[in-house]
Every structure is written in structure tokens, then in C-alpha cells.
Amino acid sequence: MDKKTVFITGASGSMGSEVLKQIMATKKFRCRILLRDKPTNRKLAAKLLKNADEGALEVVFGDLGNYDDCVKCVSDADYVLHMAAIIPPASDHNPKAAEKANFFGTKNLVDAIKASPRADEIKFVETGTVAEYGNRDYKHPWGRVGDPLVPSCYDFYAITKLRGERYVVESGLKNWVSLRQSGILYDNIMNNNMADGLMFHTCYNTPIEWATARDSGVMLRNLVVFDSEGTLDKSFWRKCYNIGNGAGTRVTGYDTLDEGFKMMGCEAKDIFRPHWNAMRNFHCMWYYDSDKLEEYLHFRSETAEQFWKNLGKKCWYFKFGKPFKGLIRKLAIERLFKSSNAPMYWINHNMEGRVNAFFGSYDEWKAIPRDWDKFPLLCKGQIPDGKGGIKKIDYEDLKDITKVKEKGLLLSHGYDEDKPDEELGYEDFQQAAEFRGGKCLTKDAVKGDLYTKIEWECHDGHKFMASPYAVLKAGFWCPECCQPTPWNFDALSKKVPFFAQIWYDTHSPEENNFYDADCYKDILEADAKNG
């Protein structure tokens, strides 16, 4: 029997390289990868081809932004695993490249598959992102597919990924799936985060469920293996899922920084100060539904503790940093304050829009305690008491997935979610629309048909076509006013209860911030000024 062909994008990245490695190791498939033509990729291609069996790997040099390159790569493919993306911080400093890869690249792949005479045979896997959901804190630390998609202000990466995913969901392809990847733990994570102010965007109290690069590679290996063997249930396709490694990787932003610097014999408190990192406007959460993907693909093997332990063994030389905590803070961390992507840069250069988005205001930033003993850390069972002090919370109880529903920690999706999909019809669609401030206009919508586009109207009178799946199950709403850019969630939340239920966890109803479509370019102006 001929081997099936797996076309992999993003093979030079942390997740894509692991996927390629895992699938190649099975020796059951022909792999094809697309790399941009540059010296580093030429070297990578030579290395990969040298280590591959004859005929097992094909390297194509091209660009996802070129439709013809996409046609060439998908033409005889059985699986298209799309992991290529321009991610932060690169996307912050080069938004045009991010849009080209993350949205137009995805669109080109989908269009190329649709144009193929084999369109119904090709299986397309899109990699989405947790950044589509926006900010979370202790009030609603648990999330799931179908929750509001409210990407954080200035996060152009999230916007391009959201647009790309929506294109996939509404593409009409017979076999697609979107996997919303959480933050990835990978071997070079420490070095890569020492080059830009992006690390300061991580809120100390953000709930994070990590995925590891290795297990993500196993996940997609199992997807193509199980599907090619006929053991992957057909119900898997035409859905969105959240990728996470489960209970053993559910931590906070502070935990993550702490574990990283423990390899150097330090604690996060030795290296960071409370007012250096953002207080809101980040992303990540604990996935209430990440077990669904595990049930299909059986990929989990690593906990966060195991990841850091293994990384510590590989980077054994980090431990020699223990006597030099002050130098590490000064030379490795504080030097990043000069990065246009660092909150302290925004404070020092009066970038009011970013200060408001990430802190609430300059005055709220000034009010952040400078002493760790006075700063509430969720991982220590502490939350703000609303009066500038600290009150206790049972952190482990908050993390108990069996108590999430009874504690009311899940967001509402605006309709009866206990109904089987085949029973959902116009009344359910209308309820969901009303919760989003609008209407379902297609009164003769077919019960149980979640994929045929029907007509909707938002609170602002915009009429649009969207599938019930996109609205009820995937979290999308009006593509004209409720999908940034611009970012206008302060105003939208006053009209859209679906958004308000999460937005007001970290924003005041009195706020009236508006971030125009080009607001994220302030960093480009700063970069140009700084040379």
C-alpha cells in the first residue's frame, strides 16, 4: 500500500519540528515541509534530508503567502498540518509578516484545498491559539471552546490567528479541525524569552495550562496514525478543541517564572518586582475541556514539573547563576526595560494607551505594591481584598476540576448546552443571539444543522452570515464590530452580555477605552526611533 502524504507547515518551529520528528519516526508516511528560502532554513533542510530515509521527506522552498506554493504542497497531500505562524514577539515587531503567515497563509491553504479535485479527501488541521480568548484571572480561571473570543488589546497576533481560524471554520471543507494551542513549554524557552520585553506581559496571577512541544508532536502523530488506520472516530472532525496537558500543567504566571529561575538557584521574587509585569490584558487559562482531545488522541505524558526537571538536566550550567542573583536581575532582566515591548518602557515613555490597557491607568500602576509581601499571589492562595490588601482563597480548591460547575466558574454560552447537537434549532440560535445582543434572522433554520450558514444580526444592526457552529460552539460573533480590530470591548460589553461576563472581571464598566485598528503600530514607531 502506498504511504499517505503529510504536508507540515511550520517545521522549523518548536511545535512543527516536534511533529515532523514524531511522524517521521513512524516510517509510515511521506512527509513534505514548506520552508522560506533563507540560509538557516537551507541548513535545516540539508540536515533533515541527511537523516531521513530515501523518499521519506520532501522539502519545498516557498512561502505560505504565495497561493501557487500552497497549491503545489497540498495537491497530492492526504493531511495538511498547519502550524506555521509568526508569533510574539516577532509578530509585535513585524505585523505585516504576521498577517501574511497567520491569516493569508491559512486562507491560501484552505483555498488551495477547496480548488483541489481531492478536496473531500484532504484532512486539514489548523493550529489556533489560547490568545484568541483574551485575559483571565481568578474569577473565571477555567475556560472552554465556545467562550467569548475577546483578544487582548494590541495583540495583533491573536487577531490574525482568530481571522484565520474563522476562515477555516466557515470554509465548508469536509474534513477540518482547529486545535487551540495553549502556551508551549519547549527546550529553548528560557533563552528565547530573554531577548524581548514580552515576558513582562505575563500576569503573575494568570491561570495557565501549559502544553509541551513533545506531547504536542505526539498528539499530531497520533492524529494521522489513528485516522489513517481508521480508529479515529469521525465525530472528531469539523470542531475546535483546546490543547493542554491537563492537571499537571495547571499553574500561574508566577509559578512559571519561578520554575524557570529555580534552575539558576533563584526564586522569581529574587529577580522580578511586582510592578514590572502587566496586571491584565494577557491570555491563557485552565482548560475545562482539554481532556476531550486527550480522549481522542492519547498524547499526554509530561507535567510542568517533569518538563522543568528535564530542562534543568539539559541546562545544568544554569545552576552556576545562584551566587549572582543581583547580576542576573540587572543584566538579564532590567536591561529589557529598554525594549519597546516592555511595560516599564511604556511607563517611562508615556505610552498611555498601553499603560491603560495593561494596568488600567498610570495611577493604578503606581498603586501596585513594590514589596512582594504586600502583593497577592494566587498560587499562594491570595487575592486582592478590594481595599488594597490581601485575603485568602483555597487555591487547590479553585483548581479542582470536579468543582468547577458547582462553583459557577464557567461562562455561559447563552443557550441550553445540555441539548444534543441534533436537537438544536431556531429557538436555541435565537437565545444565543439575544445573549450576544442580537437576533437570529433565519427562522426556518434546520434543526440539528450546525454547519450551513444562516443569517444573524448584531446589536449594531450589522447583518452577517455564519454557521450555528461558529456562533454557538466556537465563540464567534459579528465579524464587523465584534471581531477586532479595532478593540472596542469597553463599549461592546455594555451591549453584549456574552462579552460583559468576562470583560468586567478585569475592567470597570466606567472605562471607555478605544484602541483603533493601527494602535499596535506604536511599537514600530518606537523601534524606528530607537534605531
Side-chain angles (χ1 to χ4, degrees), residues 135-139 141 183 189-190 193-194 196-208 210 250-286 304-305 308 312 318-319 321-339 341-348 355 358-399 505-506:
N135 196 65
R136 294 296 179 111
D137 72 353
Y138 67 91
K139 295 173 186 173
I189 191 170
M190 291 294 289
N193 278 281
M194 294 288 190
D196 185 86
L198 182 70
M199 72 158 65
F200 301 113
H201 295 205
T202 304
C203 307
Y204 296 119
N205 292 324
T206 289
I208 304 175
W210 289 98
R250 292 181 186 134
V251 294
T252 67
Y254 181 86
D255 291 315
T256 303
L257 293 170
D258 201 42
E259 287 295 330
F261 283 93
K262 276 181 182 176
M263 291 192 297
M264 300 181 186
C266 311
E267 295 182 55
K269 289 182 180 181
D270 298 327
I271 305 298
F272 292 83
R273 295 293 178 261
H275 62 294
W276 289 355
N277 281 47
M279 295 297 291
R280 65 180 192 182
N281 205 51
F282 187 54
H283 51 260
C284 287
M285 57 191 179
W286 299 329
E305 182 180 1
W308 290 113
F318 277 14
K319 63 185 178 183
K322 185 174 182 179
F324 308 106
K325 298 175 184 177
L327 282 175
I328 292 173
R329 182 175 63 248
K330 192 75 177 175
L331 300 180
I333 305 302
E334 290 188 36
R335 69 177 178 83
L336 296 177
F337 293 171
K338 295 179 181 179
S339 165
N341 215 10
M344 288 301 294
Y345 182 95
W346 311 333
I347 292 289
N348 294 332
V355 173
F358 286 83
F359 295 99
S361 68
Y362 178 74
D363 287 340
E364 289 182 67
W365 172 80
K366 283 182 65 178
I368 298 171
R370 269 46 177 174
D371 186 340
W372 280 111
D373 291 337
K374 297 178 181 178
F375 185 87
L377 285 172
L378 180 60
C379 61
K380 306 295 184 184
Q382 303 168 339
I383 60 173
D385 66 0
K387 302 174 184 178
I390 296 173
K391 70 178 182 180
K392 293 288 186 180
I393 188 174
D394 190 332
Y395 177 59
E396 293 305 320
D397 193 59
L398 186 69
K399 291 176 71 176
D505 281 358
T506 52

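Here the structure is a predicted model, which means the values were calculated and not measured. Positions are given from 1 along the sequence.
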Any side-chain heavy-atom pair of [X] and [Y] under 4.5 Å:
{"X": "Y254", "Y": "F375", "answer": "no"}
{"X": "L257", "Y": "N277", "answer": "yes"}
{"X": "W286", "Y": "L398", "answer": "yes"}
{"X": "F282", "Y": "C203", "answer": "yes"}
{"X": "E267", "Y": "K325", "answer": "no"}
{"X": "R273", "Y": "R329", "answer": "yes"}
{"X": "Y362", "Y": "I347", "answer": "yes"}

Within this structure, what is the [atom1]-[atom2] distance for the pair [X] and [Y], rounded to the nearest 0.5 Å?
{"X": "D255", "Y": "K380", "atom1": "CG", "atom2": "NZ", "result": "7.5 Å"}
{"X": "I271", "Y": "I333", "atom1": "CD1", "atom2": "CD1", "result": "6.5 Å"}
{"X": "L378", "Y": "Y204", "atom1": "CG", "atom2": "OH", "result": "14.5 Å"}
{"X": "I390", "Y": "L377", "atom1": "CD1", "atom2": "CG", "result": "8.0 Å"}
{"X": "W210", "Y": "C284", "atom1": "CH2", "atom2": "SG", "result": "6.0 Å"}
{"X": "T206", "Y": "M279", "atom1": "OG1", "atom2": "CE", "result": "9.5 Å"}

Minimum heavy-atom separation for [X] and [Y], please, with both atom names.
{"X": "G360", "Y": "R280", "value": "CA-NH2, 3.3 Å"}
{"X": "M285", "Y": "P141", "value": "CB-O, 3.4 Å"}
{"X": "M199", "Y": "L336", "value": "CE-CD1, 4.2 Å"}
{"X": "C379", "Y": "T252", "value": "CB-OG1, 3.7 Å"}
{"X": "F358", "Y": "A278", "value": "CD2-CB, 3.6 Å"}

field: Donor-acceptor contact present, side-chain K399 to main-chain R250, <3.5 Å
entry: yes

task: Test side chain to side chain contact (heavy atoms under 4.5 Å, CB included) on M194 and R335 and set out the steps.
output: CA-CA 10 Å; M194 294 288 190; R335 69 177 178 83; 4.1 Å; yes

query: Can you list the steps and then say if S339 with Y345 is a side chain to side chain contact (heavy atoms under 4.5 Å, CB included)?
result: CA-CA 7 Å; S339 165; Y345 182 95; over 6 Å; no

- prompt: By side-chain hydrogen bond (donor to acceptor under 3.5 Å, both in side chains), which residues pair with D196, not counting sequence neighbours?
  reply: H93, N341

query: Within a radius of less than 6.0 Å around NZ of K139, do more than 12 heavy atoms belonging to other residues, nucleotides or ligands occur?
result: yes

Pair T256-T202, side chain to side chain contact (heavy atoms under 4.5 Å, CB included): steps then yes or no: CA-CA 10 Å; T256 303; T202 304; over 6 Å; no

- prompt: Angle class for the F272/F261 ring planes (parallel below 30°, perpendicular above 60°, tilted otherwise)?
  reply: perpendicular

query: When you look at N205 and D137, which way does the side chain to side chain contact (heavy atoms under 4.5 Å, CB included) test go after all the steps?
result: CA-CA 7 Å; N205 292 324; D137 72 353; over 6 Å; no

task: Start with the C-alpha distance between F337 and W276, add both sets of side-chain angles, then the distance that settles ring-ring contact (aromatic ring centres under 6.0 Å, His included), and finish with yes or no.
output: CA-CA 9 Å; F337 293 171; W276 289 355; 4.9 Å; yes

field: Ring-ring centroid check W346 F359, cutoff 6.0 Å
entry: no

